[in-house]
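Sequential numbering from 1 along the given sequence is applied to the chain's residues.
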Amino acid sequence: MEMSYLLLESQVRRIMYRLWNIAILIAVTVMLTQCTHGTVKDKFVFDTIQDEYASLQPAEFQKEIERLKGLSHKKLPSLDAARTHIQLAFLYSHYRNPLPDYYKALEHLRIYASIDPEGSRQDYIQNWLGMLKEIANLGSANRDITEKKEQLKEEIARILKENTKMSGKLDKLKSLDIELEQKRKLVK
């Protein structure tokens, strides 16, 4: 009986040992899965989009933007919607895009940030967001300056026209003054 008790105890220890190993394996797997999720997500945002559009030619940008805009208007799962908006931001602000639109890039990057707040906190996304904001601010300032420049051109044209009229009047006054002076000399 004691032998069967020892045998049973031995089997219980082996089972406990195996369960312990399985628990450790599950814990390690869960931790690695969590780390992999973050790494894959980082890779998605930073490398995947760049790799995906590495061979895109300047003439193809508008076609791809239109395709993605069509997707963005559809009801997509949040991860797909986030991906679509960050792709649009990337394409709108890409250096090979013949018609970059930094305002739209900023708009889509902000939408991406609202859909994926965790992903948008990454340094390079924040850096990109900051640069696009600055570009948008400078663009607005440039538009304001251009408008003021046009207003000043109109004002200068008005003043020059007025100046020409005044010069004409001044010339008439000079000639009248000369005539009056001549008449005074004749009257004396």
Side-chain angles (χ1 to χ4, degrees), residues 45-76 80-117 119-188:
V45 174
F46 189 70
D47 296 331
T48 307
I49 294 173
Q50 278 186 318
D51 293 344
E52 186 175 340
Y53 295 116
S55 63
L56 195 65
Q57 297 302 309
E60 300 170 319
F61 273 84
Q62 199 57 37
K63 185 178 178 182
E64 182 64 10
I65 287 171
E66 291 302 319
R67 184 185 76 79
L68 290 170
K69 279 172 51 178
L71 278 176
S72 73
H73 295 298
K74 294 179 180 177
K75 191 138 180 105
L76 299 171
D80 292 339
R83 180 177 173 81
T84 300
H85 287 290
I86 199 163
Q87 286 173 306
L88 281 166
F90 180 82
L91 292 173
Y92 275 123
S93 63
H94 198 279
Y95 75 97
R96 283 195 322 251
N97 183 348
L99 300 168
D101 189 335
Y102 300 110
Y103 298 102
K104 287 185 180 178
L106 177 60
E107 176 185 330
H108 285 285
L109 196 56
R110 284 180 172 156
I111 293 170
Y112 164 77
S114 71
I115 295 172
D116 186 5
S120 68
R121 280 180 282 198
Q122 296 172 17
D123 287 343
Y124 52 90
I125 297 292
Q126 288 299 310
N127 189 37
W128 188 13
L129 196 56
M131 285 188 285
L132 287 174
K133 284 178 185 176
E134 188 61 28
I135 289 170
N137 289 339
L138 291 173
S140 295
N142 189 31
R143 270 197 310 278
D144 292 345
I145 289 171
T146 303
E147 287 174 11
K148 286 185 191 252
K149 178 181 148 190
E150 291 303 316
Q151 289 173 352
L152 289 173
K153 279 183 179 179
E154 290 172 7
E155 183 72 14
I156 288 171
R158 185 188 63 74
I159 290 172
L160 286 174
K161 190 175 179 181
E162 201 174 288
N163 194 14
T164 304
K165 282 182 183 178
M166 292 291 190
S167 292
K169 288 179 181 180
L170 226 142
D171 288 341
K172 283 182 182 178
L173 283 174
K174 282 182 185 177
S175 65
L176 281 174
D177 193 40
I178 291 172
E179 281 180 37
L180 281 174
E181 193 61 40
Q182 289 174 351
K183 286 183 181 179
R184 273 190 215 144
K185 286 183 183 178
L186 289 175
V187 171
K188 282 188 183 181

### Task
Output all residues satisfying salt bridge (charged side-chain N to carboxylate O under 4.0 Å, His left out) with Glu179, sequence neighbours left out; order by chain, then residue number.
none
### Task
Please name all residues satisfying side chain to side chain donor-acceptor pair (under 3.5 Å) with Ser114, sequence neighbours left out, ordered by chain then number.
none
### Message
Taking side chain to side chain contact (heavy atoms under 4.5 Å, CB included) as the definition, give me every residue that meets it alongside Lys153, ordered by chain and number, with sequence neighbours left out.
### Response
Lys149, Glu150
### Query
So do Tyr112 and Ile115 actually touch side chain to side chain, heavy atoms under 4.5 Å?
no
### Task
Would you please name every residue forming a salt bridge (charged side-chain N to carboxylate O under 4.0 Å, His left out) with Glu60, sequence neighbours left out?
none
### Query
Partners of Glu66 by side chain to side chain contact (heavy atoms under 4.5 Å, CB included), sequence neighbours excluded?
Gln62, Lys69
### Query
Please, which pairs that meet side chain to side chain donor-acceptor pair (under 3.5 Å) have at least one residue in residues 97-107, sequence neighbours excluded?
Tyr103-Arg143
### Query
Partners of His85 by ring-ring contact (aromatic ring centres under 6.0 Å, His included), sequence neighbours excluded?
His108
### Message
To the nearest 0.5 Å, what is the distance between CZ on Arg67 and CG on Leu88?
### Response
9.0 Å
#### Entry: Nearest non-hydrogen partners of Leu132 and Ser93, listed with the distance
CD2-CB, 4.2 Å
#### Entry: Qualifying residues under side chain to side chain contact (heavy atoms under 4.5 Å, CB included), relative to Gln126, sequence neighbours excluded
Leu129
### Task
State, with a plain yes or no, whether a side-chain heavy atom of Leu106 is found less than 4.5 Å away from one of Ile135.
no
### Set of side chain to side chain contact (heavy atoms under 4.5 Å, CB included) partners for Asn163, sequence neighbours left out
Ser167
### Query
Do other residues, nucleotides or ligands put more than 12 heavy atoms under 6.0 Å from the CG atom of Asn127?
yes
### Task
Hey, could you give me each pair passing salt bridge (charged side-chain N to carboxylate O under 4.0 Å, His left out) that has a residue in residues 154-172? Not counting sequence neighbours.
Glu155-Arg158, Arg158-Glu162
### Task
Calculate, to the nearest 0.5 Å, the distance between atoms OG and CG belonging to Ser72 and Asp80 respectively.
12.5 Å
### Query
Sequence neighbours excluded, which residues qualify as side chain to side chain donor-acceptor pair (under 3.5 Å) partners of Tyr53?
Glu64, Gln87
### Task
Evaluate the side chain to side chain contact (heavy atoms under 4.5 Å, CB included) criterion for residues Ile86 and Asp116: first the C-alpha distance (whole Å), next the side-chain angles of each, then the deciding distance (0.1 Å), finally the verdict.
CA-CA 10 Å; Ile86 199 163; Asp116 186 5; over 6 Å; no
### Query
So how far is it from Ser175 OG to Leu173 CG, rounded to the nearest 0.5 Å?
7.5 Å
## Note on the structure
In short, Pro58 meets Pro98 closest at the heavy-atom pair O-CD, 3.3 Å
#### Entry: Atom pair CD/CG of Gln182 and Leu180 - distance to nearest 0.5 Å
9.5 Å
### Message
Using every non-hydrogen atom in the two residues, find where Arg83 and Ile49 come nearest and quote the distance to one decimal.
### Response
NH1-CG1, 4.5 Å
### Task
State the CG-CD1 distance between Leu152 and Ile156, to the nearest 0.5 angstrom.
6.0 Å
### Message
Could you walk me through whether Leu68 and Phe90 satisfy the side chain to side chain contact (heavy atoms under 4.5 Å, CB included) test, starting with their C-alpha distance in whole Å, then the side-chain angles of each, then the deciding distance to 0.1 Å, before giving a yes or no?
### Response
CA-CA 11 Å; Leu68 290 170; Phe90 180 82; over 6 Å; no
### Query
Of all heavy-atom pairs between Leu76 and Leu71, which one has the smallest distance, and what is that distance?
CD1-O, 3.4 Å
### Query
Going from CD on Glu147 to CG on Asn142, what distance comes out if it is rounded to the nearest 0.5 angstrom?
10.5 Å
